[in-house]
Colleague: 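Input: one structure, supplied below.
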Amino acid sequence: MRFVIIGAGRVGLRTARVLSAEGHEVVLVERDADMADRARTEGYEVVEGDGSRESVLEEAGIDAADAFGALTSDLNANFAACMIAKHHGCRTILRIDEDYREDIYRKYADEVDEIIYPERLGAIGAKNALLGGDIRAIADIAQNLQVVELTVQPGSPTKGYTISELSLPADATLLAFGKGDSPMAIPSPDQSLEAGDRLAVLADFGVLDDVRQLIVGDAKPAAAGGV
């Protein structure tokens, strides 16, 4: 696939590296000459200029792109660029920083295909490391909703129950179930819960502790090693 990304800073360049490593074609657009040169030294095709201008995006090949990432730290530039890319038929990804209010998020969310918060994604990784191995955040869906993966422990109060017997809080929903090391799939009502099984649950932050207590039990998070 072919991707155009504006912003060759920390977020944009790391995203380009991941996509390139998977064999995709990436073109970066960057207005800062030093940052553009750094990306070129890594072997990327770079168009130097303002990514919120249609002529610059056309030079980057927006018409042939499968998707477009507006990953600069400038929200206004990101949004303007997404509107141009949308006009050219691209899937649009908008970077927004964590300090913007919910009403600002909603204003932009209706106009693009997806919004990402780099700070929030980094926080998820840090939170997983702190929590240990029996509960793992997968994604923040909104300010009050999160998808988490929980592992049934030997002392879980629901060990031996079937999926149909599992009674989650009202503000939590079971999304997927994985038996042991098997891939996760849509849960079947008659599947039993045993130690090592994994459940993906969508839950309001307010009931996450209740969900953890129900599925994991009183087991303390394993101590994480570090350097």
Side-chain angles (χ1 to χ4, degrees), residues 1-129 136-143 146-147 227:
M1 296 178 68
R2 179 182 173 88
F3 300 95
V4 173
I5 292 174
I6 68 165
R10 175 178 55 86
V11 178
L13 194 54
R14 287 183 179 179
T15 303
R17 288 170 184 152
V18 172
L19 291 170
S20 296
E22 294 180 357
H24 300 293
E25 183 181 355
V26 181
V27 178
L28 288 163
V29 177
E30 175 55 57
R31 71 172 87 187
D32 182 275
D34 291 338
M35 295 174 71
D37 286 342
R38 182 182 66 171
R40 289 191 186 99
T41 63
E42 292 195 25
Y44 294 105
E45 179 183 348
V46 181
V47 173
E48 198 168 327
D50 183 351
S52 63
R53 297 182 59 182
E54 186 166 16
S55 60
V56 174
L57 293 182
E58 287 176 341
E59 183 181 349
I62 193 69
D63 286 323
D66 295 291
F68 172 78
L71 305 182
T72 79
S73 59
D74 185 334
L75 176 58
N76 291 326
N78 287 348
F79 184 70
C82 280
M83 294 303 94
I84 296 169
K86 185 176 181 180
H87 176 74
H88 285 266
C90 286
R91 171 174 167 78
T92 53
I93 312 303
L94 173 72
R95 171 187 173 180
I96 188 170
D97 291 327
E98 188 71 20
D99 55 352
Y100 284 99
R101 303 187 309 274
E102 181 71 13
D103 58 326
I104 300 295
Y105 163 82
R106 293 185 182 279
K107 171 184 174 182
Y108 291 108
D110 291 338
E111 301 295 334
V112 299
D113 290 297
E114 190 165 344
I115 286 178
I116 64 162
Y117 294 87
E119 294 87 350
R120 183 176 294 181
L121 295 175
I124 287 177
K127 179 165 53 180
N128 287 337
R136 183 171 68 91
I138 298 174
D140 284 338
I141 305 302
Q143 286 191 341
Q146 188 171 88
V147 178
V227 292

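Predicted, not measured: the structure shown is a model, and the values here were computed from it.
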Colleague: Specify the closest pair of heavy atoms between Gly51 and Ala81, including all atoms of both residues, with the distance to one decimal.
Modeller: O-CB, 3.3 Å

Colleague: For a 4.5 angstrom cut-off between non-hydrogen side-chain atoms, does Arg2 reach Val27?
Modeller: yes

Colleague: Show, in sequence, the C-alpha distance, side-chain angles and deciding distance for Leu57 and Ile6, and conclude whether the side chain to side chain contact (heavy atoms under 4.5 Å, CB included) test is met.
Modeller: CA-CA 9 Å; Leu57 293 182; Ile6 68 165; 3.8 Å; yes

Colleague: Looking at every non-hydrogen atom in both residues, tell me the closest pair between Leu28 and Ala8 and how far apart they are.
Modeller: CD1-CB, 4.4 Å

Colleague: Which pairs pass ring-ring contact (aromatic ring centres under 6.0 Å, His included) with one or both residues in residues 38-76, sequence neighbours excluded?
Modeller: none

Colleague: Any salt bridge (Lys or Arg N to Asp or Glu O under 4.0 Å) involving residues 50-64? Give me the pairs, sequence neighbours left out, ordered by first then second residue.
Modeller: Arg31-Asp50

Colleague: Any chance you could measure Leu94, atom CG, to Ile115, atom CD1, to the nearest 0.5 Å?
Modeller: 5.0 Å

Colleague: Ignoring hydrogens, what is the shortest heavy-atom contact between Ala65 and Cys90? Give both atom names and the distance.
Modeller: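 That closest heavy-atom pairing would be O-SG, 3.5 Å.
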
Colleague: Kindly say whether Arg38 contributes a backbone atom to a donor-acceptor pair with the side chain of Thr41 at under 3.5 angstrom?
Modeller: yes

Colleague: What are the two closest non-hydrogen atoms of Ala39 and Leu13, and how far apart are they?
Modeller: CB-CD1, 4.1 Å

Colleague: Nearest 0.5 Å please: distance from the CG atom of Leu71 over to the CD1 atom of Ile96.
Modeller: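 One finds 13.0 Å between CG of Leu71 and CD1 of Ile96.
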
Colleague: For Glu114, which residues count as a side chain to side chain donor-acceptor pair (under 3.5 Å) partner, sequence neighbours excluded?
Modeller: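 For Glu114, the residues satisfying side chain to side chain donor-acceptor pair (under 3.5 Å) (neighbours in sequence not counted) are Arg91.
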
Colleague: Closest approach of Ala85 and Ile62, non-hydrogen atoms and distance?
Modeller: CB-CD1, 4.0 Å

Colleague: Taking Lys86 for its side chain and Thr92 for its backbone only, find out whether a donor-acceptor pair lies under 3.5 Å.
Modeller: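 Pair absent, no side-chain N/O of Lys86 close to backbone of Thr92.
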
Colleague: On a heavy-atom basis, which atom in Cys82 and which in Val112 lie closest, and how many Å separate them?
Modeller: CB-CG1, 3.9 Å

Colleague: Would you give the length of the straight line joining atom CE of Met35 to atom CD of Glu48, rounded to the nearest 0.5 angstrom?
Modeller: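 Going from the CE atom of Met35 to the CD atom of Glu48 covers 11.5 Å.
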
Colleague: Could you check if a side-chain atom of Val29 sits within less than 4.5 angstrom of a side-chain atom of Val56, using non-hydrogen atoms only?
Modeller: yes

Colleague: With rounding to the nearest 0.5 angstrom, report the CZ to CD distance, Arg17 to Glu42.
Modeller: 4.0 Å

